[in-house]
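Since the structure comes first, as C-alpha cells, the remarks are kept for the end.
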Amino acid sequence: MDDVVAQVPPIASPCINICRIDRATRLCEGCLRTLDEIARWGSGTPEWRAEVMAALPARQRQA
C-alpha cells in the first residue's frame with residue numbers, strides 16, 4: 001500500500017518580517033497580531049485565521 005501524504009494548503013499570513021511587540025498595545029508592529037494569535041496561527045482553522053485577518057484593518061486604523 002502506498003503512503004498517502006495529505007496535501008495541506010498554505011496558510012496565508014499577514015507577517016511582513018517586522019517582528020517586534022509594542023509594549024503599549026501588545027501587538028506585533030509588523031502584522032498587528034497578538035502573541036497568542038501568532039503562536040496559534042499554524043494550527044488555527046481557516047475560519048479563525050479569516051477572523052484575525054478581518055480584525056487587522058481596524059487595528060491598523062487605531063495605530
Spacing of CZ belonging to R26 relative to CG belonging to L35, to within rounding of 0.5 Å:
6.0 Å

Check: R33 side chain, V52 main-chain N or O, donor-acceptor pair, under 3.5 Å:
no

How long is the straight-line distance from CD1 of I38 back to SG of C28, given to the nearest 0.5 Å?
4.5 Å

For a quick test of your reading: what N or O donor-acceptor pairs under 3.5 Å do the side chains of residues 12-21 make, sequence neighbours left out?
from: S13; atom 1: OG; to: C15; atom 2: N; distance (Å): 3.1
from: R20; atom 1: NE; to: E29; atom 2: OE1; distance (Å): 3.0
from: R20; atom 1: NH2; to: E29; atom 2: OE1; distance (Å): 3.3

Membership question, hydrophobic clusters at under 4.5 Å side-chain separation (ILVMFWY): are W41 and L56 in the same one?
yes

Side chain to side chain donor-acceptor pair (under 3.5 Å) pairs, two or more places apart, involving residues 52-63:
E37-R59

Which value, rounded to the nearest 0.5 Å, describes the distance between L32 atom CG and M53 atom CE?
11.0 Å

